[in-house]
*Asks:* 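For reference, the structure I am asking about is given below.
Both backbone and side-chain heavy atoms feed into the values below; hydrogens, waters and symmetry mates do not. Order of the sequence lines sets the chain letters (A, B, ...), proteins ahead of strands, with each chain counted from 1.
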Amino acid sequence: MSPASETLPKAYDPTEVEARWYPRWTDAGIFRAEAADTLEGGREPYVIMMPPPNVTGTLHNGHALFVTLQDILIRYHRMKGKNTLWLPGVDHAGIATQAVVERELKRHEGQSRHDLGREAFVERVWEWKERNGSRIVEQLKVMGAAADWTRERFTLDPTCSRAVNEAFVRLWDEGLIFRGERLINWDPATRTALSNEEVEHEEREGELWRFAYPLTGSDEEIVVATTRPETMLGDTAVAVHPEDERYAAMVGKKLRHPFFPERELAVIADSEVDPTFGTGAVKITPAHDPNDFEMGKRHDLGFLNIFDLEARVNENGGPFQGQDRYVARENVKTELERLGLARGGEAMTHAVSISERSGEAVEPMLSRQYFVRAAPLAAEACAALDELGQTELIPASWKSTWDHFMKNIHDWCISRQLWWGHRIPVFYDTKKLEEAIHSDASRKGGDTAALRALEGGAQRGDLVRLALDTVDEDLVRSFSVASRENLCEGASGERYVQEEDVLDTWFSAGLWPMSTLGWPEETDDLRAFYPGAVLETGFDILFFWVARMMMFGCHFMGRAPFGHIFLHAMVRDAHGHKMSKSLGNAIDPLDVIHGISKDALIEKTKTYPVPEKNLSRVLKALAKEYPDGIPASGADGLRFSLAALSGQGRDVKLSIPRVAGYRAFLNKVWNATRFALMGMGEEEPPPLDACLDRFSMADRWILSRLQAATERVAAGIETYRFDEAANGVYQFFWNEFCDWYIELSKDALMPDASQETRQTTRSVLIHVLDASMRMLHPICPFQSEEIWQRLPGRDTRWGSEVPFCAVAPFPEVDASLVDLEAETQIDRVVRAVSRLRNLRQESGLPQRQRIPAVILAEDDAVRESLGSVADEVKRLARLSELQIDKPSAYSVPTQAAVHAEPDLQVVLPLEGLIDLDAERGRVEKDLARARKELEGYERKLGNPGYVNKAPAEVVEETRARAGRCQEKIEGLLGSLERLGAS
RNA sequence: AGGCACGUAGCUCAGUGGCUAGAGCGCCGCCUUGACACGGCGGAAGUCGGCGGUUCGACCCCGCCCGUGCCUACCA
C-alpha cells in the first residue's frame, strides 16, 4: 500500500497532464458524431458550428473565449447524453488573406500579384494556407476543443464551393441577386469594393472650408462649405433648403464652375438640406457622396466620377489629373484662393469612413457591382425570431439593435475585386454580347466605346469588361448566365467568359451551417444536424455573419439555422482596452497556457506592428504590467478564468493576477485529491449506497451541498451564465468541501477511527470527488479527466463502457440526498468554530496556544449535536478543552470573551490571558453595532405603514430579529459589566 | 444626433423590492496544525455615480443629470 502522496506530486503541473489526454480522447473517437444515432437511434442532437477563424491567422484571446464557452456547452451536453456535434473549420477570409500574401510577396520577392498573374498568385495563397492553416487546429487542440475533426471544413473546399454556387444561382434566378450601378464603398488601398459592414466610422479633426461659386451672368455668388474641397471637381449642383429665403431667388439659376467654364451647375432646392449648417448651401457631388448621390437621383443631376481606382484624380479633374485626393485637396484650395473665391473656414471634427481592412479612408464611388437584395431575406430572418420563435437572441438586449439593423438593411454588395475567394459563377455569353453591344449603341445614337472596340476587333476579355461597365444594365443581363457548372469548361467553353470578381467572404460564411453538412445535397448529416442548437460568437459580427446565416438558413432551408444566438463579450486587457497587436497589448493564449518570461514577452511584442512612436511606451507598460512575465496557467486555468470572468456584460477583462487566482484553485483541487487518496492504496471504498445508514452529520451535509452545487452549475451552463457555473464549482469545492468537509472528516480517517467509519468517509470523499470532477469537466477537461481516472473504484462505479470522464454522465441532482437538517446542524458548527476563532484572535491569543472554551445552548438537541462533533470543534478552533452546557449550569467568569449567536453562546474564559481594556473595546464595538442594528428594526416597527402593509412574515421576521438583537445587547452589557467590575 | 450597455471595497466583478450588500486579487496581523505557502486562520475597507420620484420599504423599479464604453447614422 503506497501512500498517494508518493504517486501524486505535491503541486499540480498542468503542462504534463494536459499533453496527455487530447490524443486519447480523439483516438477513442469520442468527439465524433454519427448521423445515424439521431436518424435511427432517435438520440437528440446538440450541434454547434464553430465560427471559422481566418485560415492564415493565429488564435488570440478572443478565440480562446469562444473555444472555452463552446467547448463547455459541447462537453456538458455530451455528458447529458446528447448526440453532440461541434463542427470545426477555417475561413478563407478573402481580403485579409490576400493582403497578407501580397505583403509577403512584396517583401521577399519584390513582386506584386499582377506580376505573378491570377493563377500563380492563387496558387501561392493555397501554399500559404497549407503552411499556416494547421496552426489554428493545433491551438484549438491545446485549448482542449472537443471538436469532430473528421468533419473539418474550409470555406473554399469543394463541398462549400458547391453550396456557394448553388445559393448564388438560386438567388439570381429568384431576382435576389442583381448587377447594378450604385454608390459603393471603395477601398483605394486594397482596390476593392467593401460592404457597409466593412466600413468603420471614425471621428477626425478636419476643416469646414468655404468657397464661392459665381452665378453665371451676374455678380452674385453662392458660398458653400465642405470638408472635402477636392470633390468640387465633380460638383454638378448646389442645393439649398426650399424655404431658405436667403437663397430663394437663386434657385433655378446656373453657377459657373471656376475650373471648367463649360460645366454649368444648377442651384436646386431640396428639403434634406439643413439651412442652419455651414452656409445653408451644399455643394453636390453625386458620384462621390451618399447624400449627394440620392440628391442627384432626385433631381436628375449629372454623375461625374473624378477619381481612379486608387483615388487619384482622373481625366475629369482637368489640371488636377493624377493627383492623390489629399494632394488635390490642397491644390484646389490654393487655386480657389488665387481666384479670390476662398471664403475662409474653421476646424471641425467630422466622421470619416475608414476601411476596416486597410485603415484607409473609403472613397464612395459610382460602380457596377453585384448585390443581394437584402430586404426580403431580412424579413424572413426577422420572422424566425418574431412570429415563428425559432431563434432566441441572448442576451435579449441585442434584440433592439438587431431589429434596427434588419429593418433598415441595405442591399448587400457581394462582389470583390480580389483573386482569393469564390469566383462569381456568372458567365458572359460572347455571342449574345455582340447583340447587346449593338442594341446599346443604337439606343445611344449609334456610336459607343463598346461598339468601336467590337468593330476594332478587341480582345474578348477586354470587350466583356468594357461592355459590363458601359452597356445598359438590362442588356448586360441579356448576355449573363448564372450557372452551377463552369461553362468555360467543355464544348461550349469557347463561347463563355467568367466574371473575374470573387464573392464577399461572408457570402460563403453565411452558408456555413448548411454547407458544412453537405447542402444542397440531402445528406444524412443535414437531416440529423440541421438546425444547430446555438450559435455562439462575439457581438461584433452580429451583422457580418449571424444575420447572413439567419437570412440564408431561413431562405434555403425554410428554418433558422440555430435555436439560440448567444453573443459573448469582447476580451480586453486588464484595463479594458481592446486587445490588439498594434496596441501591443495582445496576449497570445498559448503564452498564458504555457507561461512566458518578461523578456520573451517583450521580444515578441517587438515583432507586432506597433507604431514606432509608441513602441517604447508600450514596452515599458508591458514590463510594468508583467514584472515576472506570465506564469503558466495551463489550458484549464485559462478556460476557468475566461468562464468565470464572462458575465453577461460586454467586456471580459483578462487580468493575469486573476488567472493566477483560478490556477490556485486547480492546485487546491489537486491537493484535495491527494488528501482523499492518501493512505488508500488500491483499496476501493464501498459504494455510497452501502453506507447510507452510517453517514455522519458532515457526510450528510456535504452530500446535500453537492446537490445544490450540481443544480447551480447545470443551470449556469444551460442559461449561458458561465460565471455562475464556474463560481458554483469553485465555491462548493473550496469553501465547502475543502474548508469544512475535509477538515471535519480528518478524525474519521485517522487510524484510531473504526474501520467502518473510515470506509464510510472514504466512500463519501470519493463520491464527492467523482461528482465534482464530472461537474468540473466541461470547464476544465484535462485536470478533471486526470483526477477522475485516478479515483479508486472507477470501473466498479462506471464500468468499462465509460472509459473517460469526458463521456461519463454529468451529475444529476439526487433529491434523496438533500438534507436540510444536516445543513442546519453543520451551519451551527461552522458558526461556533468561526466565532471561537474570531474571539481568540480578537483577544490577541497567539495561534499556537491551545485554550479552553465553553459553548452554552439552551436547546438539548443543539448541545447534543455540537457534542457529537466536539473533537472536531476542538481541533478546528485549536482548543485544549471544550465544555458544552446549559447557560444556567455555567457562570461566566469575570474575565471572559463572550459571543452570542441566536441559538448558542461561545465563551472563552480568559483569566490572566487577556488585556482587559482591549476586550472592553471589542465588546463596546460589538455593542455599538448591535444597537445600530436594533435601531433600524425599531424604526421599521414603529412605522404604521410598515406594520400594516408589509407582508406579515416579513414583519414577523423583523420582530424576531429585533428580539434576538435585544438579547445580544443584554449579553454584551453583561460582559461589559463583568469586565468593568474587575 | 439616436440607440444599447455600464458606473457597487484600492483593483476586477457578483448581487436580490424587505436578512447587518458579497467574492477573488491586493492590503494588515497571526500560523511551517499529519492534502495544499498556488496554503490555513482572523481583520480592516463601500454615503452601491448624483439628484428627484414611486413604495410601508429602493443598490434593485421610474425620470432627469454627470461620467465611461460600444453600436448605428447622409448634417456637407
Side-chain angles (χ1 to χ4, degrees), chain A residues 4-5 8 10-12 201 208 224-228 231 239 272-274 276-279 281-285 289-295 348 350-351 395 397-398 400-401 404-405 408 539-540 542-543 570 572 574-576 578 631 637 644-645 647-651 653-655 657-658 660-678 723-724 727 730-731 735 738-739 742-743 746 750 834 837-842 844-848 875-878 929-930 932-933 936-937 940 943-951 953-955 957-958 960-961 965:
Chain A
S5 53
L8 285 193
K10 191 167 165 179
Y12 177 58
H201 301 276
L208 188 63
V224 294
T226 179
T227 53
R228 299 195 59 193
T231 61
E272 286 295 296
V273 177
D274 176 358
T276 65
F277 185 88
T279 63
V282 196
K283 60 188 276 306
I284 303 297
T285 323
D289 182 281
N291 296 320
D292 297 4
F293 176 73
E294 294 301 320
M295 193 90 74
M348 189 184 91
H350 62 119
S397 56
W398 285 103
S400 53
T401 308
H404 183 260
F405 176 82
N408 296 289
F539 59 76
D540 49 327
L542 180 60
F543 303 129
M570 293 288 285
R572 297 171 191 282
H575 307 286
K578 191 169 171 173
L645 295 172
Q648 297 223 324
R650 293 192 177 188
D651 297 335
K653 292 193 190 114
L654 188 66
S655 98
R658 193 91 194 249
Y662 289 119
R663 186 177 122 69
F665 172 66
L666 299 183
N667 193 55
K668 189 77 178 175
V669 170
W670 185 253
N671 277 291
T673 310
R674 278 182 88 221
F675 170 78
L677 300 189
M678 215 166 41
D723 55 333
E724 267 293 301
N727 288 328
Y730 185 100
Q731 284 168 12
N735 305 131
C738 291
D739 288 353
I742 286 184
E743 292 305 329
K746 275 178 176 168
M750 288 299 113
S834 298
R837 284 167 169 171
N838 171 265
L839 284 182
R840 64 174 296 146
Q841 296 212 32
E842 290 278 285
L845 298 171
Q847 201 94 117
R848 74 178 71 80
R875 182 162 44 79
L876 295 183
R878 299 192 61 74
R929 200 182 293 164
K932 201 173 153 206
E933 189 186 334
Y937 295 139
K940 277 187 175 180
N943 180 346
Y946 177 72
V947 181
N948 294 334
K949 293 194 183 173
E953 62 270 23
V954 171
V955 176
E957 181 62 26
T958 306
R961 274 169 207 290
C965 204

*Asks:* Under 3.5 Å, is there any donor-acceptor pair linking the side chain of A:Glu743 to the base of B:A35?
*Replies:* yes

*Asks:* Need to verify one output field. Residue with the more 5' nearest nucleotide on RNA chain B, A:Tyr12 or A:Val947?
*Replies:* A:Tyr12

*Asks:* Between B:G26 and B:U47, how far apart are the P atoms? Round to whole Å, please.
*Replies:* 24 Å

*Asks:* Can you tell me how far C1' in B:U8 sits from the matching atom in B:G53, rounded to whole Å?
*Replies:* 22 Å

*Asks:* Can you check the distance between B:C59 and B:G50, where both ends of the measurement are the P atom (answer in whole Å)?
*Replies:* 10 Å

*Asks:* First locate atom CZ of A:Phe539, then atom CE of A:Met570, and finally report the distance between them rounded to the nearest 0.5 Å.
*Replies:* 5.5 Å

*Asks:* Output the rounded distance in Å from CZ (A:Arg674) to P (B:C36).
*Replies:* 5 Å

*Asks:* Without decimals, in angstroms, what is the distance between A:Lys283 NZ and B:C75 C1'?
*Replies:* 14 Å

*Asks:* Check whether any side-chain nitrogen or oxygen of A:Lys10 sits under 4.0 Å from OP1 or OP2 of B:A37, and answer yes or no.
*Replies:* yes

*Asks:* Scan A:Pro944 against the nucleic acid and name what it touches under 4.0 Å (heavy atoms): base, sugar-phosphate only, or nothing.
*Replies:* nothing

*Asks:* Ignoring hydrogens and angles, tell me if any N or O in the side chain of A:Arg840 forms a donor-acceptor pair with the backbone of A:Pro846 under 3.5 Å.
*Replies:* yes

*Asks:* Looking at every strand, decide which applies to A:Arg837 at a 4.0 Å heavy-atom threshold: base, sugar-phosphate, or nothing.
*Replies:* sugar-phosphate

*Asks:* So A:Asn943, base contact, sugar-phosphate only, or nothing? Heavy-atom distance under 4.0 Å.
*Replies:* sugar-phosphate

*Asks:* Once you apply the 3.5 Å cut-off to both distances, tell me the Watson-Crick or G-U wobble partner of B:C70, or none.
*Replies:* B:G3

*Asks:* Return the value, rounded to whole Å, for the distance between atom NZ of A:Lys949 and atom C1' of B:G17.
*Replies:* 15 Å

*Asks:* With a 3.5 Å limit on both atom pairs, tell me what B:A58 is paired to, counting Watson-Crick and G-U wobble, or say none.
*Replies:* none

*Asks:* Figure out the CG/C1' separation between A:Asn667 and B:C38, and round it to whole Å.
*Replies:* 5 Å

*Asks:* Please give, in whole Å, the distance from B:G34 C1' to A:Ile742 CD1?
*Replies:* 14 Å

*Asks:* For the side chain of A:Ala11, starting at C-beta, report the closest nucleotide among B:U33, B:C38, B:C41.
*Replies:* B:C38

*Asks:* From the options B:G42, B:A76, B:C56, select the nucleotide whose nearest atom is closest to the side chain of A:Phe277.
*Replies:* B:A76

*Asks:* NA contact type, A:Arg840, heavy-atom cut-off 4.0 Å: base, sugar-phosphate, or nothing?
*Replies:* nothing

*Asks:* Give, for atom CD of A:Gln847 and atom CD of A:Gln841, the distance between the pair rounded to the nearest 0.5 Å.
*Replies:* 4.5 Å

*Asks:* Given the structure, check if the side chain of A:Gln847 and the base of B:G40 hold any donor-acceptor pair shorter than 3.5 Å.
*Replies:* yes

*Asks:* Mind checking A:Tyr730 for me? I need base, sugar-phosphate or nothing, with any heavy atom below 4.0 Å counting as a touch.
*Replies:* sugar-phosphate

*Asks:* How long is the straight-line distance from CG of A:Asp289 back to CE of A:Met295, given to the nearest 0.5 Å?
*Replies:* 9.0 Å

*Asks:* Looking only at side-chain atoms of A:Glu842, point me to the closest of B:C75, B:U12, B:G42.
*Replies:* B:G42

*Asks:* Whole angstrom is fine here: how far is it from CZ in A:Phe675 over to P in B:U33?
*Replies:* 15 Å

*Asks:* Once you apply the 3.5 Å cut-off to both distances, tell me the Watson-Crick or G-U wobble partner of B:G39, or none.
*Replies:* B:C31

*Asks:* If you find the nucleotide of RNA chain B closest to A:Asp739 and the one closest to A:Val282, which residue's nucleotide is nearer the 5' end?
*Replies:* A:Asp739

*Asks:* Mind checking the C1' distance from B:G15 to B:U54? Whole angstroms is fine.
*Replies:* 23 Å

*Asks:* On a whole-Å scale, what distance lies between the P atoms belonging to B:C4 and B:C62?
*Replies:* 12 Å

*Asks:* Distance check, P atoms only: B:G63 and B:C6, in whole angstrom units.
*Replies:* 14 Å

*Asks:* Across all strands, who's sitting opposite B:C51 as a Watson-Crick or G-U wobble pair, both distances under 3.5 Å?
*Replies:* B:G63

*Asks:* With a 3.5 Å cut-off and just heavy-atom distances, do the side chain of A:Arg848 and the base of B:C31 make a donor-acceptor pair?
*Replies:* no

*Asks:* Mind checking the CD-CG spacing from A:Glu743 to A:Leu876? Nearest 0.5 Å is all I need.
*Replies:* 6.0 Å

*Asks:* Side chain of A:Gln841 only, heavy atoms from C-beta on: which candidate in B:C41, B:U55, B:C4 is closest?
*Replies:* B:C41

*Asks:* When all nucleic acid strands are considered with a 4.0 Å heavy-atom cut-off, which category describes A:Cys738: base, sugar-phosphate, or nothing?
*Replies:* base

*Asks:* Calculate, to the nearest 0.5 Å, the distance between atoms CG and CZ belonging to A:Leu542 and A:Phe405 respectively.
*Replies:* 8.0 Å

*Asks:* A:Tyr946 versus A:Val954: any side-chain heavy-atom pair under 4.5 Å?
*Replies:* yes

*Asks:* What distance separates A:Phe293 CZ from A:Ile284 CD1, expressed to the nearest 0.5 Å?
*Replies:* 13.5 Å

*Asks:* I want to check one thing: is the phosphate of B:G39, taken as OP1 and OP2, less than 4.0 Å away from some side-chain N or O of A:Asn671?
*Replies:* no

*Asks:* Would you verify whether the NZ or CZ of A:Lys746 falls within 45 degrees of the ring axis of A:Phe675 while also being under 6.0 Å from that six-membered ring's centre?
*Replies:* yes

*Asks:* Nearest to the side chain of A:Ser400, which nucleotide is it out of B:G3, B:A76, B:C56?
*Replies:* B:G3

*Asks:* Can you say whether a donor on the side chain of A:Lys668 sits under 3.5 Å from an acceptor on the base of B:C38, or the other way round?
*Replies:* no

*Asks:* Would you mind reading off the distance between A:Gln731 atom CD and B:G24 atom P, rounded to a whole angstrom?
*Replies:* 8 Å

*Asks:* What's the closest nucleotide to the A:Val954 side chain, out of B:A73, B:G18, B:C70?
*Replies:* B:G18

*Asks:* Taking only the P atom of each, what is the distance from B:C27 to B:G67 in whole angstrom?
*Replies:* 35 Å

*Asks:* Across all strands shown, which nucleotide pairs with B:G10 by Watson-Crick or G-U wobble geometry, both distances under 3.5 Å?
*Replies:* B:C25

*Asks:* Tell me: CG of A:Leu677 to C1' of B:C36, nearest whole Å?
*Replies:* 14 Å

*Asks:* With a 4.0 Å limit, can you tell me whether A:His404 has a side-chain N or O closer than that to the phosphate oxygens OP1/OP2 of B:G2?
*Replies:* no

*Asks:* Would you mind pulling out the nucleotide paired to B:G17, Watson-Crick or G-U wobble, both distances under 3.5 Å?
*Replies:* none

*Asks:* What integer number of Å spans the C1' atoms of B:G39 and B:U32?
*Replies:* 10 Å

*Asks:* Identify whether any heavy atom of A:Lys746 sits under 4.0 Å from a base atom; if not, whether one sits that close to sugar-phosphate; answer base, sugar-phosphate or nothing.
*Replies:* base

